[in-house]
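These notes are about the structure you will find just below.
Note on naming: letters A, B, ... go to the chains in the order of the sequence lines (proteins, then strands), and numbering restarts at 1 for each one. This structure is a prediction, so every number in the text was calculated from the model and none was measured.
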Amino acid sequence: MDAFLFSRKIKEVVTMYNHRKIEKKWQEYWLKNKTFKTLDDDSKPKYYVLDMFPYPSGQGLHVGHPEGYTATDIVARMKRMQGYDVLHPMGWDAFGLPAEQYAIKTNNHPGIFTTQNINTFRKQIQSLGLSYDWDRELSTADPNYYKITQYIFTLLYKKGLAEVREVDVNWCEELGTVLANEEIVNENGRMVSEVGGFPVVKRPMKQWVLKITEYADELLEGLEEIDWPLGIKDMQRNWIGKSIGASINFPVKDHDLTIEVFTTRADTLFGATYVVLAPEHPFVEQITTPDCKAQVDEYRNQSKAKTDLERTELNKEKTGVFTGAYAYHPITKELLPIWIADYVLISYGTGAVMAVPAHDQRDYEFAKKHNLPIKQVVEGDISKQAFVDDGIHINSDFLNGLNNQDAINKVIEYLEAHNLGKKTIKYKLRDWVFSRQRYWGEPFPVIHWEDGTITILDKSELPLELPELSDYKPSKSIEGPLSKAKDWLEVTRADGVKGRRETNTMPQWAGSCWYYIGYILNKGNGEFLDLESEEAQKRLEKWLPVDLYIGGSEHAVGHLLYSRFWHKVLYDYGLVKCKEPFKRLFNQGMILGENNEKMSKSRGNVINPDDIVFSHGADSLRLYEMFMGPLEATKPWSTTGLDGARRFLERVWRLYVNEDHTLSAKIVDQDNKDLEKVYHQTVKKVTEDYETLNFNTAIAQMMIFINEAYKS
RNA sequence: GCCAGCGUGGCGGAAUUGGUAGACGCAGUGGACUCAAAAUCCACCGGACCAUAAAUCCAUGCGGGUUCGAGUCCCGCCGCUGGCACCA
């Protein structure tokens with residue numbers, strides 16, 4: 001194995017600086033003596049430094065993991081030395097799809113696979129010599145842990161933030177299962193399963209939904225008070241997508257219906273020349289005239305068959321059909337034709353828009369294509385495209401002469417006074433579909449009774465553990481595999497009413513939403529403190545928020561938004577005392593292969609940390625990864641660069657130790673005046689650079705110091 | 001298309017607040033040690049002019065600008081990376 005790994009012969013040096021011997025000795029010592037145990041000493045200031053915990057995949061650790069872990073480890077060690085009580089834990093995001101697929105393939109319990117992987121990961125992480133407090137270790141798939149995940153769900157439910165709703169799922173008849181988006185591929189514009197290439201269709205199903213949208217404003221405001229990379233904050237802001245606009249009512253001719261549209265450009269109301277509904281809009285059925293029915297039905301079927309991908313990717317072609325119906329302009333009472341088109345999304349705003357082709361590019365393209373009238377209401381050039389900038393209003397009755405903002409204010413005032421519409425705020429953020437038709441996840445603590453009511457399990461009944469199954473293959477029904485666990489599934493109430501447990505499980509995000517709290521509640525004996533207990537409250541108040549949180553930016557709008565949401569719910573229950581869970585966030589960059597491409601098996605450029613730990617040692621690996629460049633940058637691996645890191649450690653070693661393993665004569669008790677200046681420079685620079693996570697320059701300074709020490 | 005970030009030697013990168021551009025490392029060149037090599041130690045290492053050095057000039061993606069002074073600030077381009085993407 002090592003032949004190609006060594007670009008340089010380390011063999012003979014190993015007798016001098018023997019990393020295998022040294023690292024083994026100290027790692028065993030640390031583990032045995034619990035050197036890095038959190039003290040819980042209230043006389044010291046606290047520091048909570050957290051890594052994004054890994055999903056323990058079958059692949060094991062890759063070189064990206066040690067990068068973030070080393071960064072947090074440096075900070076943890078520094079803070080301990082500076083007299084802080086440091087909480088620095090590690091755990092496992094242990095539920096997930098690969099374990100489920102393994103279970104289906106081998107008919108083994110996914111927990112077996114998961115436990116094996118966790119053991120491998122733990123061993124690998126320990127071989128890196130990281131200073132975790134292993135008494136705090138946790139796994140999201142541990143019933144002691146997911147007991148609290150389930151309990152937090154009941155808290156959400158009691159606040160009205162969890163409800164059952166009809167939501168489309170990706171159903172694959174052939175495989176007899178519901179598929180996740182990442183298990184579907186696009187084949188000639190049709191959805192097919194990644195496995196086998198069988199057709200997949202959207203099908204509605206009752207699912208749990210968490211109303212994260214109710215916290216949209218708080219999630220937005222909270223961003224102001226936290227020290228996160230600007231890019232991540234922007235991504236969250238865009239994801240939440242708050243727009244201030246107006247909803248305006250357009251009554252339908254010959255029907256007792258009013259179409260409500262949402263617009264941010266109410267000022268262009270006099271330029272509206274038609275109305276467009278999303279194909280899925282509930283009014284379509286009722287308003288379509290008999291002579292248009294055939295084309296409307298066909299269009300709606302077409303849109304249903306399109307994949308999400310196709311609907312967005314083919315956005316040059318603005319397709320749509322006329323319903324035969326008309327709506328009244330709310331002010332001029334003109335008749336405007338009502339169309340349906342899939343450029344209008346049912347899931348945003350009201351699923352209906354007033355089309356102002358002169359001043360909206362999408363409406364412009366649609367009007368050109370379908371020969372609909374274009375009416376200009378803001379001065380500007382509309383010969384080639386819509387004019388969307390600020391300008392003076394024309395052809396707009398009482399808005400004439402105003403600019404955009406003044407016109408918006410004035411028209412909304414008018415609409416509100418005449419009961420035709422009102423100022424409205426909409427968000428891009430959607431409620432969170434919280435059900436998965438899977439086995440390997442947290443069961444919902446819920447019973448559905450035959451009389452149609454729902455019971456949420458009491459805290460004393462938790463955890464509701466996953467039942468054992470005779471096989472993990474798909475259920476062949478739209479329900480998840482849990483529907484096969486008859487004994488577990490069916491319950492009877494004291495009054496004889498029968499019920500079934502929920503057959504869905506929670507998504508992988510659930511367990512990771514509160515794990516930073518889980519470490520604090522961990523008693524160290526496999527149990528967790530009750531969230532509401534006095535002891536838990538005392539600990540939470542001490543340790544939260546997380547002072548420094550490091551991980552990849554791929555969780556920018558998933559995990560990091562969902563945990564902030566749960567945290568805010570817990571805050572509203574008074575269970576946590578701070579509004580934000582992660583005070584300072586930092587994203588480490590990606591490590592590319594030596595050829596500057598993403599590491600992957602197929603490219604043959606994967607570096608395995610185990611091999612490096614064996615050949616060069618954990619300290620060389622860690623030093624190199626910190627020296628490669630800025631922590632946040634994407635940077636390529638270099639084997640000769642790694643050799644350089646190893647060489648520096650040997651150089652430091654030789655400064656202390658003679659070839660015969662005696663202490664070097666250079667190491668003396670007295671201060672050396674020649675080194676005084678560079679020593680102070682080094683202390684200052686390293687201290688500052690560690691605080692700002694500029695480890696590459698801190699290491700460069702230490703190299704300068706060692707070079708000077710050699711010279712004197 | 002929109003949002004964010006980046007562009008500096010052969011390579012990874014430094015220059016933290018507008019003040020000696022290229023710290024530190026890798027690769028390379030020369031020397032010492034050695035029978036020889038490896039390892040180690042020392043020196044050199046952006047380009048032009050030049051035998052060499054000094055001196056000078058050019059140089060931080062491109063074109064302008066502000067300033068005594070710009071890699072850093074401003075305007076306009078070009079290129080790359082990440083994210084979002086018909087959000088009305």
Side-chain angles (χ1 to χ4, degrees), chain A residues 7-13 16 229-243 245-248 261-266 268 272 275-276 278 308-309 311-320 341-356 359-363 365-366 386 388 426-430 552-554 556-557 587 589-592 594 596 598 623-624 627-630 632-645 647-648 650-651 654 659 684-685 688-689 691-692 694 696-707 710-711:
Chain A
S7 58
R8 166 171 174 270
K9 283 184 196 143
I10 291 177
K11 240 189 215 153
E12 52 270 65
V13 197
M16 262 287 275
L230 283 175
I232 302 289
K233 286 195 191 185
D234 271 327
M235 276 160 75
Q236 292 214 344
R237 279 192 199 104
N238 290 340
W239 195 258
I240 294 167
K242 181 177 186 171
S243 330
S247 49
I248 306 177
V261 308
F262 175 72
T263 179
T264 52
R265 290 294 304 277
T268 60
V275 170
V276 193
D308 293 344
L309 207 75
R311 237 175 113 156
T312 52
E313 245 174 36
L314 300 180
N315 62 11
K316 299 151 235 163
E317 277 295 296
K318 293 268 180 300
T319 61
D342 60 13
Y343 82 89
V344 176
L345 307 173
I346 189 64
S347 50
Y348 180 75
T350 56
V353 301
M354 64 172 199
V356 186
H359 306 293
D360 180 284
Q361 188 56 27
R362 295 154 301 189
D363 298 342
E365 285 163 22
F366 191 81
V388 296
K426 294 285 180 193
Y427 302 89
K428 280 202 262 184
L429 185 68
R430 306 287 149 80
S553 58
E554 66 271 23
V557 287
N587 296 119
M590 212 192 336
I591 297 179
L592 302 173
E594 206 140 14
N596 238 304
K598 211 170 167 168
L623 178 71
Y624 172 60
F627 186 60
M628 288 173 89
E632 70 274 21
T634 302
K635 46 218 175 266
W637 182 264
S638 156
T639 301
T640 52
L642 171 70
D643 289 341
R647 206 143 49 206
F648 174 66
E650 287 170 6
R651 216 166 131 77
R654 277 195 311 271
E659 256 178 81
K684 182 172 192 291
K685 180 141 183 73
E688 287 169 1
D689 284 354
E691 209 61 64
T692 53
N694 293 116
N696 55 330
T697 49
I699 292 165
Q701 182 61 41
M702 288 189 265
M703 287 173 170
I704 291 170
F705 180 75
I706 292 299
N707 289 344
Y710 260 83
K711 279 174 197 158

Whole-Å [atom1] distance, [N] and [M]:
N	M	atom1	answer
B:G12	B:A23	P	15 Å
B:U34	B:C49	C1'	41 Å
B:G13	B:U52	P	33 Å
B:C84	B:A14	P	27 Å
B:U81	B:C44	C1'	36 Å
B:G65	B:C11	P	30 Å
B:G83	B:C74	C1'	27 Å
B:G64	B:C78	C1'	15 Å

Shortest side-chain distance from [X], nucleotide among [options]:
X	options	value
A:Ala700	B:C84, B:A23, B:A88	B:A23
A:Asn707	B:C86, B:C3, B:C24	B:C24
A:Arg651	B:C42, B:A88, B:C24	B:C42
A:Leu345	B:A88, B:A4, B:C41	B:A88
A:Glu688	B:A27, B:C84, B:U16	B:U16
A:Tyr343	B:C86, B:C26, B:A88	B:C86
A:Met703	B:C41, B:C86, B:C24	B:C24

Discussion item. Using heavy-atom distances to pick each residue's nearest nucleotide on RNA chain B, tell me which of A:Val557 and A:Thr350 is more 5'.
Written reply: A:Val557

Any chance you could measure [X], atom [atom1], to [Y], atom [atom2], to the nearest 0.5 Å?
X	Y	atom1	atom2	result
A:Ile699	A:Leu623	CD1	CG	4.5 Å
A:Phe627	A:Thr697	CZ	OG1	9.5 Å
A:Arg237	A:Leu230	CZ	CG	8.0 Å

Worksheet item: Is it true that a side-chain atom of A:Asp363 and a backbone atom of A:Val356 form a donor plus acceptor pair closer than 3.5 Å?
Response: yes

Worksheet item: Are any side-chain N or O atoms of A:Arg430 and backbone N or O atoms of A:Ser347, one a donor and one an acceptor, separated by less than 3.5 Å?
Response: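 Yes, A:Arg430 side chain to A:Ser347 backbone: donor-acceptor pair under 3.5 Å.
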
Is there any protein nitrogen or oxygen under 3.5 Å from a nitrogen or oxygen in nucleotides 11-14 of chain B, and what are the pairs?
from  : atom 1 : to       : atom 2 : distance (Å)
B:G12 : O2'    : A:Met628 : O      : 2.6
B:A14 : OP1    : A:Asn696 : ND2    : 3.1

Item to complete: For residues A:Arg651 and A:Asn707, determine if any side-chain heavy atom of one lies less than 4.5 Å from a side-chain heavy atom of the other.
Response: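 Yes. Closest side-chain heavy atoms under 4.5 Å.
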
Worksheet item: When you look at A:Asp360 and A:Arg265, which way does the side chain to side chain contact (heavy atoms under 4.5 Å, CB included) test go after all the steps?
Response: CA-CA 9 Å; A:Asp360 180 284; A:Arg265 290 294 304 277; over 6 Å; no

Which part of the nucleic acid, if any, lies within reach of [X] when heavy atoms closer than 4.0 Å are counted: base, sugar-phosphate only, or nothing?
X	answer
A:Arg237	nothing
A:Gly644	sugar-phosphate
A:Ser347	nothing
A:Ile704	sugar-phosphate

Item to complete: Please check if atom NZ in A:Lys598 has more than 12 non-hydrogen atoms from other residues, nucleotides or ligands closer than 6.0 Å.
Response: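 Open: at most 12 neighbouring heavy atoms sit under 6.0 Å from NZ of A:Lys598.
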
Response to the item:
Each base of RNA chain B marked ( ) or [ ] if paired in-strand (Watson-Crick or G-U under 3.5 Å), | if paired to another strand and . if unpaired gives (((((((..(((......[....))).(((((.......))))).(((.......)))..(((((..]....))))))))))))....

Worksheet item: A:Tyr348 side chain N/O closer than 4.0 Å to the phosphate oxygens (OP1, OP2) of B:C86?
Response: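 The answer is no; no side-chain N or O of A:Tyr348 sits under 4.0 Å from OP1 or OP2.
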
Item to complete: Would you state whether a donor and an acceptor, one from the side chain of A:Lys428 and one from the base of B:C84, lie under 3.5 Å apart?
Response: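 Such a pair does not exist between side chain and base.
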
Worksheet item: According to the interplanar angle, ranging from 0 to 90°, do the rings of A:Phe366 and A:Tyr343 count as parallel (below 30°), tilted (30 to 60°) or perpendicular (above 60°)?
Response: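 Taking A:Tyr343 first and then A:Phe366, their aromatic rings sit tilted (interplane angle of 30° to 60°).
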
Practice prompt. Please report, rounded to the nearest Å, how far the P atom of B:G5 is from the CE atom of A:Met235.
Written response: 13 Å

